[in-house]
Number of protein chains: 2
Amino acid sequence: MEKDKLTALGGIKLFEGLPPAQLKSLAEISQLKGCKYGEILFEAGQPGTHFFAVVSGKVRVYRASLSGKEQILSVFQAGESFAEVPVFEGKTYPASAQALEDSVLLSIPRRGLVELLRREPELALSVMALLSSRLRAFVGQIAQLSLKEVPERLAGYLLLLRAAQGRDELTLDLPKGQIASYLGTIPETLSRAIKKLSEQGLIEVAGSRVSVLDPEGLAALAESDR
Amino acid sequence: MEKDKLTALGGIKLFEGLPPAQLKSLAEISQLKGCKYGEILFEAGQPGTHFFAVVSGKVRVYRASLSGKEQILSVFQAGESFAEVPVFEGKTYPASAQALEDSVLLSIPRRGLVELLRREPELALSVMALLSSRLRAFVGQIAQLSLKEVPERLAGYLLLLRAAQGRDELTLDLPKGQIASYLGTIPETLSRAIKKLSEQGLIEVAGSRVSVLDPEGLAALAESDR
DNA sequence: GCAGGACCTTGACTTTAGTCATGGAATCCA
DNA sequence: TGGATTCCATGACTAAAGTCAAGGTCCTGC
């Protein structure tokens, strides 16, 4: 069992390059935790006791409004970690987290991680780099939400996917409803945005498969604003 | 002159509690820099060479769209620091920065700061806490932009100001146009939102002075969503 | 004291996106 | 296999916020 945890920890990008002794001490304090599709890991406002890493599966981090609309902040997959904020602030989780698939997670109590960071300046620098990249992503998300309309945001999202998948035939990584929530809109509006891009000949859509027909056109749209 | 820098560094919250020797080495590599109202310090996309701290004055960090609309991410005042992201990522600034008043800044080259962080785990932890609090703020901002309407966002902003100023008679800390940009809207829409809150008897406005008449009502509005 | 300018407000209008309701397609699994 | 569920698309409508244009207020500096 300790063995499993060690292997799992080894697969987490953030802990790459950590000396084996430290990995082992991390393994001692962390827990492997299975969770099912739809399971809520924590909710915005709860005291933030643990830091998480995804061993397998998929987790979304989001904020919900009282009326039920949700804004996805990020989706995390195998090798990624999340819920750093309360580790260093010691307060509450700023957002909620829910499994989008049956998943396996590592949960690490914040105290232990802080101890480790005190002893491992290189890990600390990695953590700062990770936090910084999150900040960069959020800056982009804020700018998109505030300065761009839905079809433009969709174009940007598709270009990101294309870069990640390395080809023009994309497979959507999330159900469309979740993509809508990530883009800060609702499924109906996303549906119409997809139709619009199709009609303009920029993409072709069949279910969760999307072909990018005109990458430059998409890029022009994504850059543009009203 | 070195003396000035030391005093200035001593006033920066992030560096509070740093051993004098380290402060001194920071002073050696950092530069004092005056800048005038409206001066642009850096623009989104430029290589991020420096980290900044505000000695006096006021700086806004924002993203602009091609068409001229702007979204303010944060406004920094004396004692605060900004532009951490490229320090740890070594890439470009994710947003632009502009002086909102004649200001004095400290600029610190990223290399020197990284060196210092390697030697000072406690400073590293402070930086992680700072980055985390930024993330928390951005999560809130994303949620507001996506899940709430302008009058609700305004209500939230006024409540924050009220908490900061500790009384019900507020002085707006920014021109209304800048507040609009912070709230993700335009001056006309902000004007109407202010009028709406006034008509509902929640606030009373005269120029840049705002009286909060009904804090609970404001809070109810800020929490609510459509 | 008044001309110019920055900033703010208001009104009329347009555009975008959200709401509500309906129906279709795919999937899961008794 | 067929019934239920979930997810998605579409249409008709409403509401929110942006655009454009005009005018007001306040401050500054001759």
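What's counted below: heavy atoms across the whole structure, side chains too, no hydrogens, waters or symmetry copies.
- Relative orientation of the Tyr182(B) and Tyr157(B) rings is tilted, given thresholds of 30° and 60° on the angle between their planes.
- Which of dG18(D), dC8(C), dG18(C) sits closest to the side chain of Ile186(A) comes down to dG18(C).
- Annotation: Glu204(A), atom CD; neighbour count of heavy atoms from other residues, nucleotides and ligands within 6.0 Å does not exceed 12.
- Taking 4.5 Å as the limit, every side-chain heavy atom of His50(B) sits out of range of all side-chain heavy atoms of Gln31(B).
- With distances taken from any side-chain atom of Lys69(A) to the nucleotides dG18(C), dG18(D), dA17(C), the minimum falls on dG18(C).
- Residue Gly184(A) is in sugar-phosphate contact alone, with no base atom involved, counting any heavy-atom pair closer than 4.0 Å across all strands shown.
- Checked against a 6.0 Å centroid threshold, the rings of Phe52(B) and Phe76(B) do not count as neighbours.
- With contacts defined as side-chain heavy-atom distances shorter than 4.5 Å, the pair Thr171(A)/Arg209(A) qualifies.
- Side-chain proximity of Arg192(B) to dC7(D), dG18(D), dC20(C): nearest is dG18(D).
- Protein atom CZ of Arg153(B) is 13 Å distant from nucleotide atom P of dA16(D), rounded to whole Å.
- Across dA21(D), dA17(C), dT10(D), the shortest atom-to-atom separation from the side chain of Thr185(A) is found for dA17(C).
- Among the atoms of the strands shown, none is found under 4.0 Å from any heavy atom of Pro187(A).
- Summarising the geometry, the separation between CG on Leu174(A) and P on dC7(D) is reported as 12 Å, rounded to the nearest angstrom.
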(request) For nucleotides 22-30 of chain C, just jot down a letter per nucleotide in 5' to 3' order: B, S or -, based on protein non-hydrogen atoms under 4.0 Å. (result) ---------
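- With hydrogens and angles left out, the side-chain atoms of Glu169(B) and Ser211(B) include a donor and acceptor closer than 3.5 Å.
- Checking Leu106(B), Val104(B), Leu105(B) one by one against Val54(B), the side chain to side chain contact (heavy atoms under 4.5 Å, CB included) holds for a single residue, Leu105(B).
- Within the 3.5 Å criterion, the main-chain N or O of Lys58(A) finds no donor-acceptor partner in the side chain of Arg60(A).
- Within the 4.5 Å cutoff, the side chain of Leu41(B) has heavy atoms near those of the Lys33(B) side chain.
- Of the candidate nucleotides dG18(D), dG18(C), dG11(D), dG11(D) has the atom nearest to the side chain of Lys195(A).
- Taking only distance into account, the side chain of Glu188(A) meets the base of dC20(C) through a donor-acceptor pair shorter than 3.5 Å.
- Contacts between residues 57-64 of chain A and DNA chain C, defined by a heavy-atom separation under 4.0 Å, are absent.
- The nearest whole Å value for the distance from the CG atom in Leu147(A) to the P atom in dA17(D) is 16 Å.
- Distances from the side chain of Ser191(A) to the nucleotides dT10(D), dC7(C), dA16(D) place dT10(D) closest.
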